[in-house]
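Report on one structure; see the data block that follows.
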Number of protein chains: 2
Amino acid sequence: MTPTEILTLYHLRKTPTRLSILEYLQISHLPQSENEIHKKMQDSYDRITFYRTIQTLMEAGIIHRIVADNTTVRYALNHYNSQLDEQNHDHVHFYCTKCGKVECMEEVVVQPYHLPDGYKIEECNVVVKGLCRQCIIKDHDR
Amino acid sequence: MTPTEILTLYHLRKTPTRLSILEYLQISHLPQSENEIHKKMQDSYDRITFYRTIQTLMEAGIIHRIVADNTTVRYALNHYNSQLDEQNHDHVHFYCTKCGKVECMEEVVVQPYHLPDGYKIEECNVVVKGLCRQCIIKDHDR
DNA sequence: TTTGTATATGAAACAATGTTGCAAATGTAA
DNA sequence: TTACATTTGCAACATTGTTTCATATACAAA
Ligand SMILES: [Mn+2]
Ligand SMILES: [Mn+2]
Ligand SMILES: [Zn+2]
Ligand SMILES: [Zn+2]
């Protein structure tokens, strides 16, 4: 689905900033930070606009925010797999402590948790920290 | 264990800032932010010192950082329960989206995850978002 | 195609959070 | 009491996120 089609589907105006952020997230293999997105766009928009666009796209359910760390925030497109209707089967995120890479582990499903009576669960975020393949290989080499 | 005893145990110097941060975290029922801790201390130290103290205490394994949100960071003492030697049985954190409260759910243990070959897991952070007891009650009342 | 208007953007100004380098202060072991 | 490694405070800076308000624009209706 193209960025234009996505925005049409969600009844959102097709503004240049929204279209190019969506396009960039589609091309990107990994979740991207505000900084990375802004650099790629060559300052074609104000940072304020980015944050508002992100909020709009998140509220619509088109993208999601990954908070890997107190200083590491990334954004990625939502990929709806078949079991979307069933339960909110969210996926796990991986954060490499060596190279800082963040990955959406679409195939690793978040385990449901049971909290004491009186709590209402809305969402569950799981960040697994460790070393990615490349960083383990580099570690071996030296 | 008193703050003094803790610092002695971990071979760390007993400086006023470390002692008072530890004391405050011990008194506090819930995880605290830099802002909250600093307010309570009545500006008795520089913010820089706070961050360095936090890093020292985290590296020693005396406290842990909870990142509930891209704008919500709190700190809490580590409570070692009996099964500490076994495996790194970390606990789940709860974040109330209404009142912003963060809780250490010591009794809710983090489920282990299995990642594809080549990844090395070091740690796993789980943040469950939702409504806390008080906020659900308030919701009912109105 | 033109126009009206709700919506989105940009600018300025601000707040919060986190980091680095360096000189001065201090906790602790001898 | 002293020596010195460690810790702190200051200045200066970087990054991230928010609010207000005037201007620009996407798009539906004429
Ligand atoms: Mn993801
Ligand atoms: Mn905790
Ligand atoms: Zn890596
Ligand atoms: Zn609450």
Side-chain angles (χ1 to χ4, degrees), chain A residues 2-23 31-60 62-75 95 97 100 102, chain B residues 2-23 31-60 62-75 95 97 100 102:
Chain A
T2 66
T4 303
E5 287 170 341
I6 294 173
L7 291 175
T8 302
L9 181 65
Y10 286 90
H11 304 292
L12 294 174
R13 290 189 178 184
K14 291 165 270 301
T15 68
T17 304
R18 291 179 184 170
L19 288 167
S20 53
I21 288 178
L22 284 179
E23 190 184 359
Q32 303 291 309
S33 69
E34 187 271 332
N35 209 299
E36 290 162 336
I37 297 171
H38 201 199
K39 267 188 219 152
K40 280 283 151 127
M41 306 282 184
Q42 297 152 79
D43 301 336
S44 67
Y45 60 81
D46 199 84
R47 258 182 353 103
I48 297 299
T49 304
F50 172 85
Y51 286 113
R52 286 192 281 227
T53 301
I54 287 298
Q55 191 177 338
T56 302
L57 297 178
M58 285 214 306
E59 282 170 359
I62 298 170
I63 66 172
H64 63 287
R65 170 190 285 141
I66 302 136
V67 182
D69 208 47
N70 57 331
T71 55
T72 310
V73 178
R74 306 272 162 88
Y75 299 92
Y95 177 46
T97 54
V102 172
Chain B
T2 67
T4 302
E5 287 170 341
I6 294 173
L7 292 175
T8 301
L9 181 65
Y10 286 90
H11 305 293
L12 293 174
R13 290 188 178 184
K14 291 165 271 301
T15 68
T17 304
R18 290 179 184 170
L19 288 167
S20 52
I21 288 178
L22 284 178
E23 190 184 359
Q32 304 291 309
S33 68
E34 186 271 333
N35 208 299
E36 289 162 337
I37 297 172
H38 202 198
K39 269 188 216 152
K40 281 283 151 126
M41 306 282 184
Q42 297 151 83
D43 300 336
S44 68
Y45 60 81
D46 199 84
R47 256 178 358 99
I48 295 299
T49 304
F50 173 84
Y51 286 112
R52 286 192 280 226
T53 301
I54 287 299
Q55 191 177 338
T56 302
L57 297 178
M58 285 214 305
E59 281 170 0
I62 298 170
I63 65 172
H64 64 286
R65 171 190 284 141
I66 303 135
V67 182
D69 209 47
N70 58 329
T71 56
T72 309
V73 178
R74 305 271 162 86
Y75 299 92
Y95 177 47
T97 53
V102 172

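Lettering follows sequence order; numbering is per chain, from 1. Since we're looking at a predicted model, the values are computed, not measured.
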Between the first and last five pairs of the helix from C/dT1-D/dA30 to C/dA30-D/dT1, the angle of the axes, rounded to 10 degrees: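 Here the local axes at opposite ends form an angle of 30°.
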N/O donor-acceptor pair, side chain A/Arg13 with base C/dA6, under 3.5 angstrom: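 Checked by distance alone, the answer is yes.
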Pair of N/O donor and acceptor under 3.5 Å linking D/dG9 base with B/Arg52 side chain: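 Present.
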Between [X] ([atom1]) and [N] ([atom2]), how many Å, whole number?
| X | N | atom1 | atom2 | answer |
| --- | --- | --- | --- | --- |
| B/Glu36 | C/dA16 | CD | C1' | 14 Å |
| B/Tyr10 | C/dT28 | OH | C1' | 21 Å |
| B/Leu7 | D/dT7 | CG | P | 11 Å |
| B/Tyr51 | D/dT15 | OH | P | 16 Å |
| A/Gln55 | C/dT7 | CD | P | 15 Å |
| A/Ile48 | D/dT23 | CD1 | C1' | 16 Å |
| B/Ile54 | D/dT7 | CD1 | P | 15 Å |
| B/Ile37 | C/dT17 | CD1 | P | 11 Å |

Name the closest nucleotide to the [X] side chain, picking from [options].
| X | options | value |
| --- | --- | --- |
| B/Lys14 | C/dT28, D/dT8, D/dT7 | C/dT28 |
| A/Arg18 | D/dT8, C/dA8, C/dT9 | C/dA8 |
| B/Thr53 | D/dT7, D/dT8, D/dG9 | D/dT8 |

Report yes if a side-chain nitrogen or oxygen of [X] is closer than 4.0 Å to either non-bridging phosphate oxygen (OP1 or OP2) of [N]; otherwise report no.
| X | N | answer |
| --- | --- | --- |
| A/Arg47 | D/dT16 | no |
| B/Thr15 | D/dT8 | yes |
| B/Thr71 | D/dG17 | no |
| A/Asn70 | C/dG18 | yes |
| A/Asn35 | D/dT15 | no |

Pairwise 5' ranking along DNA chain C for A/Tyr45 and B/Pro16, keeping only the more 5' one: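 Of the two residues, A/Tyr45 wins.
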Flag if over 12 foreign heavy atoms under 6.0 Å of NZ, B/Lys40: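 It does not: B/Lys40 NZ has 12 such atoms or fewer within range.
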Short side-chain to backbone donor-acceptor contact, A/His38 and A/Tyr45, under 3.5 Å: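 Flag set: sc A/His38 to bb A/Tyr45 pair under 3.5 Å.
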